[in-house]
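Right, one structure below, let's go through it.
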Number of protein chains: 2
Amino acid sequence: MDKLRQHIERIVALTDEEFAFIARHFSSRKYKKHQYIIQEGDEVKYHYFILKGLTKLVYTDDTAKEHIVSFAMEDWWESDFLAFYTQTKATMALICLEDTEVLCLNLEDYKKLCDGLQKMERFILEKANFGFLGAQRRIISLLTSNAKERYEQLIKLYPNLVQRVPKAQLAAYLGVSRETLSRLNQ
Amino acid sequence: MDKLRQHIERIVALTDEEFAFIARHFSSRKYKKHQYIIQEGDEVKYHYFILKGLTKLVYTDDTAKEHIVSFAMEDWWESDFLAFYTQTKATMALICLEDTEVLCLNLEDYKKLCDGLQKMERFILEKANFGFLGAQRRIISLLTSNAKERYEQLIKLYPNLVQRVPKAQLAAYLGVSRETLSRLNQ
DNA sequence: TGATAATCATGAGGTAGGTCAACGCCGTAT
DNA sequence: ATACGGCGTTGACCTACCTCATGATTATCA
């Protein structure tokens with residue numbers, strides 16, 4: 001839980017009472033490598049804060065090809081956010097690439113936290129804004145750059161992520177085949 | 001201004017006093033077709049609410065090729081949000097595709113509105129979340145679909161937008177050449 | 001009204017990246 | 001020790017899309 005507090009306090013300062021109030025809304029869970037946190041078609045009950053580990057958010061197209069919408073690791077928030085936020089069925093799967101520990105926040109508590117503590121709403125807004133900006137950067141990368149450039153941008157932006165993730169998975173994130181990714185360093 | 005009130009009240013109800021407080025933070029401006037609202041390298045003073053008209057947010061790559069990061073029309077918010085939010089120089093241009101009227105909100109007032117009226121922060125958070133989800137949908141489209149599929153998805157999602165925007169501009173949004181887009185209907 | 005610029009379509013040829021298939025190198029479980 | 005699955009590489013071939021060039025049609029505006 002201390003990790004969560006530090007994470008929030010990077011954006012808004014908290015009193016002990018405030019953090020106690022926040023902490024009350026989270027539950028914790030552990031998953032093993034290869035386990036599914038969310039499966040396509042599930043109800044998505046939680047937004048997850050990752051304490052430890054590494055996950056991929058996967059969209060599977062109609063030819064059964066897997067596309068990685070995002071990776072998430074320590075201190076990141078992750079979910080099938082559309083399904084979570086609009087209370088619809090998951091269209092993506094959330095899968096562990098390593099053993100993973102998360103804190104879970106359900107939608108009701110997400111709203112209660114926003115209502116009950118303006119600092120928390122501020123924090124969540126800040127996260128939402130930067131989440132949007134990250135997605136926009138990715139769109140620009142996809143629009144403007146070829147496979148090699150996108151790979152280099154990824155290495156620059158998340159050098160430690162690239163260490164931890166198999167190349168085939170990076171390829172599925174970058175939107176290229178693993179063969180193409182493998183040929184880039186020549 | 002009435003348009004703004006209706007727009008906000010689709011998400012949170014407001015009293016007259018509350019809306020008066022909100023309205024006080026906005027100024028209004030008009031631009032002609034082809035005019036730049038933001039130029040690359042500018043300071044970005046405002047986040048814009050579009051009352052009327054149509055704009056494109058353009059990223060120009062190092063080969064001088066233009067990529068359209070987003071379109072915005074009536075009731076949409078637009079800016080080079082990274083530059084606005086982090087008070088850095090614009091890396092994108094915001095250009096009118098039609099005569100356009102906007103309401104302008106500077107960063108200081110954006111923060112004051114969040115601080116001064118929790119309803120407004122709620123509203124902005126809701127917008128931020130859906131902005132993120134829209135960007136994520138676009139990423140999935142770029143990762144999973146070919147030119148024709150992406151074009152069809154765009155038509156389905158924003159049929160009226162497609163009417164108003166020249167095909168060459170749609171191509172720059174979809175990430176294909178205008179020639180390719182022109183050949184799709186065969 | 002005539003000139004100029006957008007807009008759209010189409011042909012020809014080139015290329016980045018996809019697909020399919022084979023192979024080598026681990027790590028780990030039997 | 002051996003077998004097997006995950007992971008990465010490489011070759012051969014194919015295709016979706018790009019680029020360059022031309023021309024037709026339609027707005028726009030002096």
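Nothing here was measured: the structure is a model prediction, and the numbers come from that model. Sequence lines set the chain letters: A, B, ... in the order given, protein chains first and strands last, and positions in each chain run from 1.
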Item to complete: List for me each residue that meets side-chain contact (heavy atoms from CB on, under 4.5 Å) alongside Glu17(A), sequence neighbours excluded, and say none if there are none.
Response: Thr15(A)
Fill in: Any side-chain donor near an acceptor of the partner, Ser141(B) and Gln153(B), under 3.5 Å
yes
Item to complete: Pull out every residue in residues 162-174 of chain B that has a heavy atom closer than 4.0 Å to any atom of DNA chain C, ordered by number, or say none.
Response: Pro166(B), Lys167(B), Ala168(B)
Run the side-chain donor-acceptor check on residues 116-124 of chain A: report pairs under 3.5 Å with partners two or more places apart or on a different chain.
| unit_1 | atom_1 | unit_2 | atom_2 | d |
| --- | --- | --- | --- | --- |
| Gln118(A) | NE2 | Cys114(B) | O | 2.9 |
| Gln118(A) | NE2 | Glu121(B) | OE1 | 3.0 |
| Lys119(A) | NZ | Ala13(A) | O | 3.0 |
| Lys119(A) | NZ | Glu18(A) | OE1 | 2.9 |
| Lys119(A) | NZ | Glu18(A) | OE2 | 3.3 |
| Glu121(A) | OE1 | Gln118(B) | NE2 | 3.0 |
| Glu121(A) | OE2 | Arg122(B) | NE | 2.8 |
| Glu121(A) | OE2 | Arg122(B) | NH2 | 3.2 |
| Arg122(A) | NE | Glu121(B) | OE2 | 2.8 |
| Arg122(A) | NH1 | Asp115(B) | OD1 | 3.3 |
| Arg122(A) | NH2 | Asp115(B) | OD1 | 2.7 |
| Arg122(A) | NH2 | Glu121(B) | OE2 | 3.2 |

Please list, for nucleotides 13-20 of chain D, all pairs of protein and nucleotide N/O atoms separated by less than 3.5 Å.
| unit_1 | atom_1 | unit_2 | atom_2 | d |
| --- | --- | --- | --- | --- |
| dC17(D) | OP1 | Ala147(B) | N | 2.8 |
| dC18(D) | OP1 | Ser177(B) | N | 3.1 |
| dC18(D) | OP2 | Ser177(B) | N | 3.1 |
| dC18(D) | OP2 | Ser177(B) | OG | 3.0 |
| dC18(D) | OP2 | Thr180(B) | OG1 | 2.4 |
| dT19(D) | O4 | Arg183(B) | NH2 | 3.2 |
| dC20(D) | N4 | Glu179(B) | OE2 | 3.1 |

Show the distances under 3.5 angstrom between N or O atoms of the protein and N or O atoms of nucleotides 22-27 of chain D.
none

Worksheet, complete the sentence: Residue set satisfying side chain to side chain donor-acceptor pair (under 3.5 Å) with Asp16(B), at least two apart, ordered chain then number -> Arg5(B)
Validation: residues 177-185 of chain A side-chain donor-acceptor distances under 3.5 Å, sequence neighbours left out:
| unit_1 | atom_1 | unit_2 | atom_2 | d |
| --- | --- | --- | --- | --- |
| Ser177(A) | OG | Thr180(A) | N | 3.1 |
| Ser177(A) | OG | Thr180(A) | OG1 | 3.0 |

Item to complete: Could you tell me whether Trp76(B) and Tyr158(B) have their ring centroids closer than 6.0 angstrom?
Response: yes
Fill in: Set of salt bridge (Lys or Arg N to Asp or Glu O under 4.0 Å) partners for Asp62(B), sequence neighbours left out
none
Distances for protein N or O near nucleotides 27-30 of chain C N or O, under 3.5 Å:
none

For a quick test of your reading: what N or O donor-acceptor pairs under 3.5 Å do the side chains of residues 27-42 of chain B make, sequence neighbours left out?
| unit_1 | atom_1 | unit_2 | atom_2 | d |
| --- | --- | --- | --- | --- |
| Gln35(B) | OE1 | Lys32(B) | N | 2.6 |
| Asp42(B) | OD2 | Gln39(B) | N | 3.0 |

Item to complete: Compute the angle between the rotation axes at the two ends of the helix from dT1(C)-dA30(D) to dT30(C)-dA1(D), each taken over five pairs, rounded to 10 degrees.
Response: 40°
Item to complete: Write out all pairs satisfying ring pair (Phe, Tyr, Trp, His ring centres under 6.0 Å) with one or both partners inside residues 134-154 of chain A, taking only residues at least two apart or from two chains.
Response: none
